[in-house]
Amino acid sequence: MQIQWYPGHMAKAKRNIREDLKLVDLVIEILDCRCPESSRNPDIDNFAKDKARIMLLNKADLADRTVTKKFSDYFSQKGFYTLEIDARNKGSLKKLNALIDTACQPIVEKNLKKGIQTPVIRAMVLGIPNVGKSTFINSYIGKAMAKTGNKPGVTRGNQWIKVNKKLQLLDTPGITWPKFEREIVGMNLALIGSINDQILNIDELVFYLIKYLTRYYPKSLPERYGDTILGMEEALPIFDAIGKKRGCIMKGGNVDYTKTAKIILDDFRSGRLGTITLEHPIGSTDDAPNDSEDTTESKEGKACGN
Ligand code: G4P
């Protein structure tokens, strides 16, 4: 599936992020737990080497707990402070203040030694569209803020938000960062709703999802759409069976795949297919797809058992 990216906008957005990073001590990245690697900005590690770093693994309620734990460990081992959250639930953010203090301690101490008093920690909040950045900010500060624009590199739309006497957040527009050579990343981002559905081939996307679920979460489709699917291994007959079951039939009796695909996609995104994660951490010993492989083909082959 080809997704149209805008390299000019990306280059401008990167420049803006580099500029903004000069203003902050801490970078808080919001990732979607269902595909934490795919939903990361791949350039940030280079840009933010001297910053304190926190990864918020959001939408933990929708993801496979076991894999989320693996990702938490994986990011912690890489030196990031990590917290699993459901941004809609303020309670899941309780530990964040302590985490920010811990993450920023070395910077505060370094500044104090230099004679620089830094009573206020400035943090940049980054996240691609739809990962729940606005929801997080609203829950964290306890009131609704205007949503920062998501147009890649077109409007800067940054805003400073005072959380308390000690902390200010810089909210930045959500930008999707493509890893151009990896189509599977595009698939994952499309599945979690970070890429506008209107530019996607939904049938192809859901065909991929069906293959993935059949291999890695074989109970999820039968539990939602009925036992007729149980034991089926090929994606197309499963697609057909779900379409028929849901009454998505066109004139002439053929299955309306686009209508069926929308139902399946909506069920996946809202968690009605169960708690599902689309990738595993790099270096995982299991055979699930992760971000370490070079070509889409090999990943898809592996992911879908082809
Ligand atoms: P963004 O600023 O990063 O673009 O994302 P935003 O906060 O607008 O969140 C995108 C969607 O994800 C919203 O749903 C929001 O409610 C949902 N969401 C955010 N965090 C979580 C979470 O931890 N778990 C779950 N299950 N959902 C989460 P929506 O349907 O688009 O809007 P709404 O009707 O809920 O407002």
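Every number for a ligand or one of its atoms is a count from 1 in the order of the listing.
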*Asks:* For atom 24 (N) of ligand 1, tell me which residue out of Ile137, Asp61, Asp32 has the closest non-hydrogen atom.
*Replies:* Asp61
*Asks:* May I ask you to identify, for Ile30, whether its side chain, its backbone, both or neither come under 4.0 Å of ligand 1 on a heavy-atom basis?
*Replies:*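 For Ile30, there is no contact with ligand 1 at all, from either part.
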*Asks:* Could you note down all residue pairs passing salt bridge (charged side-chain N to carboxylate O under 4.0 Å, His left out) where residues 158-168 supplies at least one of them, sequence neighbours left out?
*Replies:*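 Pairs touching residues 158-168 that pass the test: Asp101-Lys166.
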*Asks:* Do Lys110 and Asp50 sit within salt-bridge range, that is, some charged N less than 4.0 Å from a carboxylate O?
*Replies:*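 Asp50 and Lys110: not salt-bridged.
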*Asks:* What orientation do Phe80 and Phe75 show, parallel under 30°, tilted 30 to 60°, or perpendicular over 60°?
*Replies:* perpendicular
*Asks:* Given Leu57, Asp86, Thr135, which has its nearest heavy atom closest to atom 15 (C) of ligand 1?
*Replies:*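 The nearest heavy atom belongs to Thr135.
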*Asks:* Given Ile137, which partner from the list Ile28, Ile30, Asp171 fulfils the side-chain contact (heavy atoms from CB on, under 4.5 Å) test?
*Replies:*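 The residue from Ile28, Ile30, Asp171 that satisfies side-chain contact (heavy atoms from CB on, under 4.5 Å) with Ile137 turns out to be Asp171.
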*Asks:* Check this for me, if you would: do Asp45 and Lys78 make a salt bridge, where the nitrogen-to-carboxylate-oxygen distance has to be below 4.0 angstrom?
*Replies:* no
*Asks:* Is it true that Asp266 and Lys262 make a salt bridge, defined as a side-chain N closer than 4.0 Å to a carboxylate O?
*Replies:*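 No, Asp266 and Lys262 are not salt-bridged.
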*Asks:* Pairs of nitrogen or oxygen atoms closer than 3.5 Å, one from Ile85 and one from ligand 1: do any exist?
*Replies:* no
*Asks:* Taking only heavy atoms of Val131, which atoms of ligand 1 are found under 4.0 Å from at least one of them?
*Replies:* 3 (O)
*Asks:* Could you tell me, atom by atom, which parts of ligand 1 come under 4.0 Å of a heavy atom of Asn130?
*Replies:* 1 (P), 3 (O), 4 (O), 5 (O), 10 (C), 11 (C)
*Asks:* Relative to ligand 1, is Leu62 under 4.0 angstrom through side chain, backbone, both or neither, heavy atoms considered?
*Replies:* side chain
*Asks:* Would you kindly say whether Asp64 and Tyr216 are connected by a side-chain donor-acceptor distance under 3.5 Å?
*Replies:* no
*Asks:* Which of the numbered atoms in ligand 1 are under 4.0 angstrom from any heavy atom belonging to Ala87?
*Replies:*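 What qualifies from ligand 1 is 20 (N), 22 (C), 23 (O).
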*Asks:* Just distances here: any N/O of Ala60 and N/O of ligand 1 closer than 3.5 Å?
*Replies:* no
